[in-house]
Amino acid sequence: VKYKFEYGEGLFMGRKLTEEQFWLVFKDVLFSDEKIGDAEEEVEKIIQLGDLEPGSKVLDMLCGIGRHTSVFEKKGFKVVGVEKTQNYAEDAKERVEDAKIVNQDMKDFKRENKFDVVVNWWNSFGYFEDQEEDFLMLENIYASLKQGGVLLMDIFGKEVSAMNDFDTHWSREEGSLLLQDHEIKGNWSKIENTWVKVEEGEVVELTWQQTLYSAQELRKLLEKTGFSEIEFYGNLEQDP
C-alpha cells in the first residue's frame, strides 16, 4: 500500500484493485456527465478531422460506455464498438439502437476489409506490457480497414508528457476525491500512473503503466504496419 490518508474520523488504507475492478470503481470519474455531454462536439470534430461521410462504416475501439458510438450512430454512420470491460459493453448496448457492440479485447479484434474508418480515441493505445502487442493491434486495425480507409487516434504523446511537471494532485470528481500521481519509467519509455479514490470513507487505488510514443516513434510503427499519409496534430483543431 503506497498511501495513508486521514479522512473523516479514521485512518484508511488503500485497497489494491484488479484491472476489472478499477474500471468499475472509477467509472463515474471516467464517464462523468460532463464527459458524456462533450461527446457530441468531439464526434463532430473527429468527422471533420477524418473528412468522414455519413453512411461510412466506423469501428469505435475502445468504445467504453458508447458515448461516441451513439453519437456516430445518430449522425448516420454504421458503427461497431469494441469494449473489453463487460459492464461498459452492456452500458454501450443500452446507449445505442442499431450499432453492434462487441465485448472483446481490442488486440484480438479483426474483421478483414470491413471498415472505412477506425476511431481509437481517448488515449486508448499503449497499455500492453509487450510493445509487440501494440504492433499486433495496429496490424489488426490495418487488416480491418478497407482500401483507402482511415485510422484516427487520440494519444497522450511523449512530447506532451515532457511538458508536464507531474506534481501529485487532488481533484474533486462526481462527489469523490481523486488523487493522480505520475512517474516516468524506463528512460522515458513508459509512464506509471497511480489513481487513488476516496469516497464515503473507503480508499481504493490502482497503478498501471502506458508506453510513451513520440510522434516519430509512432510514425515508424504505423509505417511498419503499412499505413501511409500519416499526419500528427496537437489537438482536434489540427494545430501543430
Distance, nearest 0.5 Å, that separates [atom1] of [X] from [atom2] of [Y]:
{"X": "Thr225", "Y": "Asn140", "atom1": "OG1", "atom2": "CG", "result": "10.0 Å"}
{"X": "Asn87", "Y": "Ile65", "atom1": "CG", "atom2": "CD1", "result": "9.5 Å"}
{"X": "Ile141", "Y": "Leu151", "atom1": "CD1", "atom2": "CG", "result": "5.5 Å"}
{"X": "Asp105", "Y": "Lys107", "atom1": "CG", "atom2": "NZ", "result": "3.5 Å"}
{"X": "Gln209", "Y": "Thr211", "atom1": "CD", "atom2": "OG1", "result": "8.0 Å"}
{"X": "Glu94", "Y": "Ile101", "atom1": "CD", "atom2": "CD1", "result": "11.0 Å"}

On a heavy-atom basis, which atom in [X] and which in [Y] lie closest, and how many Å separate them?
{"X": "Lys35", "Y": "Leu30", "result": "CD-O, 2.9 Å"}
{"X": "Asp134", "Y": "Tyr127", "result": "OD1-N, 4.3 Å"}
{"X": "Ser176", "Y": "Lys197", "result": "OG-CE, 3.2 Å"}
{"X": "Ile46", "Y": "Leu52", "result": "O-CD1, 4.2 Å"}
{"X": "Val82", "Y": "Met106", "result": "CG1-CA, 4.4 Å"}
{"X": "Leu62", "Y": "Asn120", "result": "N-ND2, 4.1 Å"}

Please walk me through it: do Phe166 and Ile191 pass side-chain contact (heavy atoms from CB on, under 4.5 Å)? CA-CA 10 Å; Phe166 293 116; Ile191 182 171; 3.5 Å; yes

Just so I know, are the side chains of [X] and [Y] near enough to count as touching, which here means a heavy-atom distance under 4.5 Å?
{"X": "Val117", "Y": "Phe77", "value": "no"}
{"X": "Arg95", "Y": "Ile36", "value": "yes"}
{"X": "Phe72", "Y": "Ile47", "value": "yes"}

For Trp121, run the side-chain contact (heavy atoms from CB on, under 4.5 Å) check against Met61, Met153, His68 and tell me which one passes. His68

Residues, nucleotides or ligands: over 12 heavy atoms within 6.0 Å of [X] [atom1]:
{"X": "Lys146", "atom1": "NZ", "answer": "yes"}
{"X": "Gln86", "atom1": "CD", "answer": "no"}
{"X": "Lys190", "atom1": "NZ", "answer": "yes"}
{"X": "Gln104", "atom1": "CD", "answer": "yes"}
{"X": "Gln180", "atom1": "CD", "answer": "yes"}

When the ring planes of [X] and [Y] are compared, do they come out parallel, tilted or perpendicular, using 30° and 60° as the limits?
{"X": "Trp208", "Y": "Trp195", "result": "perpendicular"}
{"X": "Trp122", "Y": "Phe31", "result": "perpendicular"}
{"X": "Phe115", "Y": "Phe109", "result": "tilted"}

Shared hydrophobic cluster for [X] and [Y] (ILVMFWY, side-chain gaps under 4.5 Å):
{"X": "Phe227", "Y": "Phe135", "result": "yes"}
{"X": "Leu152", "Y": "Leu138", "result": "no"}
{"X": "Leu212", "Y": "Tyr233", "result": "no"}
{"X": "Leu136", "Y": "Phe128", "result": "no"}
{"X": "Val118", "Y": "Leu218", "result": "yes"}

Please check: side-chain N/O of [X] versus main-chain N/O of [Y], any donor-acceptor pairing under 3.5 Å?
{"X": "Asn123", "Y": "Phe156", "answer": "yes"}
{"X": "Asp60", "Y": "Thr69", "answer": "yes"}
{"X": "Glu73", "Y": "Val79", "answer": "no"}
{"X": "Lys158", "Y": "Trp188", "answer": "yes"}

For Glu34 and Asp38: C-alpha separation, side-chain torsions, deciding distance, then whether side-chain contact (heavy atoms from CB on, under 4.5 Å) applies. CA-CA 6 Å; Glu34 180 180 0; Asp38 290 340; 4.1 Å; yes

Taking side-chain hydrogen bond (donor to acceptor under 3.5 Å, both in side chains) as the criterion, tell me which of Glu41, Glu42, Gln48 meets it with Lys45. Glu41

Looking at Gln131, Arg219, Glu159, which hits side-chain hydrogen bond (donor to acceptor under 3.5 Å, both in side chains) with Tyr213?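 Among Gln131, Arg219, Glu159, the one meeting side-chain hydrogen bond (donor to acceptor under 3.5 Å, both in side chains) with Tyr213 is Gln131.
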
Does [X] pair with [Y] as a salt bridge, N-O distance under 4.0 Å?
{"X": "Asp116", "Y": "Lys57", "result": "no"}
{"X": "Glu44", "Y": "Lys75", "result": "yes"}
{"X": "Lys74", "Y": "Glu97", "result": "no"}

The test is side-chain contact (heavy atoms from CB on, under 4.5 Å); show your working for Asp91 and Lys27 and say whether it passes. CA-CA 11 Å; Asp91 270 16; Lys27 182 178 181 180; 2.6 Å; yes

Could you go through Arg172 and Leu177, starting from their C-alpha distance and side-chain angles, then the distance that decides it, and tell me whether this counts as side-chain contact (heavy atoms from CB on, under 4.5 Å)? CA-CA 5 Å; Arg172 190 175 293 277; Leu177 287 173; 3.7 Å; yes

